[in-house]
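Below, read A as the first sequence line, B as the second, and so on, with proteins coming before strands; counting in each chain starts at 1. Side-chain atoms are counted along with the backbone in the values below, which use heavy atoms only and exclude waters and symmetry mates.
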Number of protein chains: 2
Amino acid sequence: MSKSQLDEVIHSFLVEMKRGTMTIIVLTQLQTKQYGYSLLTVLEKKKTGIEAGTLYPLLRRLEKQGLLQSEWDTSESRPRKFYQLSDLGKEVLERIKKEWDLLSNQMDHFLGEVL
Amino acid sequence: MSKSQLDEVIHSFLVEMKRGTMTIIVLTQLQTKQYGYSLLTVLEKKKTGIEAGTLYPLLRRLEKQGLLQSEWDTSESRPRKFYQLSDLGKEVLERIKKEWDLLSNQMDHFLGEVL
DNA sequence: TTACTATAGTGTATGTCGTACACTATTGTC
DNA sequence: GACAATAGTGTACGACATACACTATAGTAA
């Protein structure tokens, strides 16, 4: 089979894996207050592969779900929207950490069977 | 905030996390030949939470993608559809194992920052 | 013999979220 | 003045797990 078919399947797999993990990553980074563009550069440096077109809608979605709260800072020359975990967001992050550990152990169990 | 709101968010998160991980699990289990209903009971015992309505379409989708191959066994009283990894499937599983390790390490890094 | 469960599978609409753009605005730098 | 960097909004699309409906029949118990 072709190399590109393999790469295509792997790429699709990675896209699907990001569903869920993107939320985890963003929640961990917003335990302390941070604005969108700053978070974007941090996540780019950490090689998450996230783009602006993905991050900003995700921030808004998480805020809509009540996990984040935001406030505008217009004191600088450029207005910036700062985000931070809400109380619900903090609880969700605690639970997600536990769920991730369970899932990760399960995946390690299954992948331990790979010949 | 309500307990059920927290549970709802966690549930949604787990659903998203299954995208991707379900494929991994099924591929690991079909390194050796197995039929659908048997695989279903194995995965139920291993607490993956997968249902028949999810597994059978996934098996067909993976076969369509060329990762699995199947053959009918009609020698028993009941016809059974056996599945097994294709050559592409084996390569994909090797690559996915590596990608999972990278992703898992990255998640552990981020979750290590949880206060 | 009948009724029910277990065994085995097919088909499909829906909701969710990352992707991939288009778009806007303006500050800062050369 | 032109361009890049800084900062953000809006939205259509594709992929996949979910959640059913549906089919068929062998095996078991009464």
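- When all heavy atoms are compared, the tightest approach of B:Pro57 to B:Thr54 is CD-O, 3.5 Å.
- Counting to the nearest Å, the P atom of C:dT19 and the CZ atom of A:Arg60 are 16 Å from each other.
- Non-hydrogen atoms lying under 4.0 Å from DNA chain D are contributed by A:Glu16, A:Arg19, all within residues 8-21 of chain A.
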task: Kindly determine whether A:Leu30 and A:Leu62 satisfy side chain to side chain contact (heavy atoms under 4.5 Å, CB included), including the steps that lead there.
output: CA-CA 11 Å; A:Leu30 294 177; A:Leu62 292 176; over 6 Å; no
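- A residue-by-residue look at B:Thr23 and B:Arg78 shows that B:Thr23 has its nearest nucleotide of DNA chain D further toward the 5' end.
- A:Ile10 approaches B:Val92 most closely through the heavy-atom pair CD1-O, 4.0 Å.
- For A:Tyr56 and D:dG8, the shortest distance from a side-chain N or O to OP1 or OP2 is below 4.0 Å.
- Rounded to whole Å, atom P of D:dT11 lies 15 Å from atom CZ of A:Arg61.
- We find that CZ of B:Arg80 is positioned 13 Å from P of D:dA26, with the value rounded to whole Å.
- In this structure, A:Glu51 atom CD and D:dT9 atom P are separated by 17 Å, rounded to whole Å.
- Residues in residues 83-106 of chain A take part in these ring pair (Phe, Tyr, Trp, His ring centres under 6.0 Å) pairs, two or more places apart or across chains: A:Trp100-B:Trp100.
- DNA chain D is contacted by no residue of residues 24-45 of chain B, taking any non-hydrogen atom closer than 4.0 Å.
- Counted by atom type alone, A:Ser70 and A:Glu63 present one or more donor-acceptor pairs between their side chains at under 3.5 Å.
- In this structure, the CZ atom of B:Phe82 is 14 Å from the C1' atom of C:dG9, given to the nearest Å.
- Looking at every heavy atom in both residues, B:Leu115 comes nearest to A:Glu94 through O-OE2, 3.3 Å.
- Among the atoms of the strands shown, only primed sugar atoms or phosphate atoms (P, OP1, OP2) are found under 4.0 Å from some heavy atom of B:Leu58.
- Nearest heavy atom pair, residue B:Leu55 against residue B:Gly36, reads CD2-O, 3.7 Å.
- Ion pairing of B:Lys81 with B:Glu71 is absent here, as no side-chain N (NZ or NE/NH1/NH2) approaches a carboxylate O to less than 4.0 Å.
- Residue B:Gln65 places at least one side-chain N or O closer than 4.0 Å to OP1 or OP2 of D:dC16.
- Counting non-hydrogen atoms of neighbouring residues, nucleotides and ligands closer than 6.0 angstrom, the NE2 atom of A:His109 exceeds 12 such neighbours.
- Look at CD on B:Glu63: it is 14 Å from C1' on C:dG9, rounded to the nearest Å.
- The nearest whole Å value for the distance from the CD1 atom in B:Ile50 to the P atom in C:dA8 is 17 Å.
- Remark: B:Ser77 in residues 69-77 of chain B come within less than 4.0 Å of DNA chain D through at least one heavy atom.
- Side-chain proximity of A:Lys81 to C:dT10, C:dG18, D:dG8: nearest is D:dG8.
- Applying the ring pair (Phe, Tyr, Trp, His ring centres under 6.0 Å) test to residues at least two apart or on different chains, the pairs with a partner in residues 21-70 of chain A are A:Tyr35-A:Phe82.
- Criterion: ILVMFWY side-chain heavy atoms under 4.5 Å apart, direct or through other members. Under it, B:Leu103 and A:Val15 are not part of a common hydrophobic cluster.
- The side-chain contact (heavy atoms from CB on, under 4.5 Å) search around A:Ser75 returns A:Asp73, not counting sequence neighbours.
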